[in-house]
Amino acid sequence: MALSAMTAEQRAKALAKAAQARTARRALLAEVASGVVSVAEVFERSGQDLVGRTRVAPVLRAVPRYGPARVAALLATSGVQEKQRVGALNDQQRDSCGL
């Protein structure tokens, strides 16, 4: 099924919306990295559109002293796929990844 072509105005609006989402996601990850917001607090806010669409792995990597190896091990023991989003986590996965 072919998608309909977007007009220039629709494309510009979509690009602006995507840029705004990336900026907000970057701010969220910066708050996690600075310790202002904990991973558990991020998981509690999973009902929010932006937070729910954020992937779990970058949130965990934003935690100080959690690099790719430690995050991969935590995701494996928690049963969370690397590309899984925060909004798709069940309660058991949230508890095991909540640090």
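Throughout, numbering of the chain's residues begins at 1 and tracks the sequence.
- Across S96 and L74, no two heavy atoms sit closer than the pair O-CD1, 3.7 Å.
- Separating the NZ atom in K83 from the CG atom in L75 is a distance of 13.0 Å, to the nearest 0.5 Å.
- Across every non-hydrogen atom of V86 and V42, the tightest pair is CG1-O, 4.3 Å.
- In terms of modelled atom types and a separation under 3.5 Å, the side chain of E82 and the main chain of A57 share no donor-acceptor contact.
- Not a single donor-acceptor pair under 3.5 Å links the side chain of R94 to the backbone N or O of A40.
- Both V36 and L28 belong to a common hydrophobic cluster when Ile, Leu, Val, Met, Phe, Trp and Tyr are linked at side-chain heavy-atom distances under 4.5 angstrom.
- Across all non-hydrogen atoms, the minimal contact from E31 to R45 is OE1-NH2, 4.4 Å.
- Taking CZ of F43 as the start and OG1 of T54 as the end, the distance is 10.5 Å to the nearest 0.5 Å.
- Checked by atom type and distance alone, the side chain of Q84 pairs as donor or acceptor with a backbone atom of Q81 at under 3.5 Å.
- To the nearest 0.5 Å, atom CZ of residue R25 and atom CZ of residue R22 are 8.5 Å apart.
- Judged purely by atom type and a 3.5 angstrom limit, R85 has no side-chain atom pairing as donor or acceptor with the backbone of G52.
- Counting all heavy atoms, side chain and backbone alike, A24 lies closest to L50 at CB-CD2, 3.5 Å.
- The heavy-atom pair separating S78 from C97 by the smallest distance is OG-SG, 3.4 Å.
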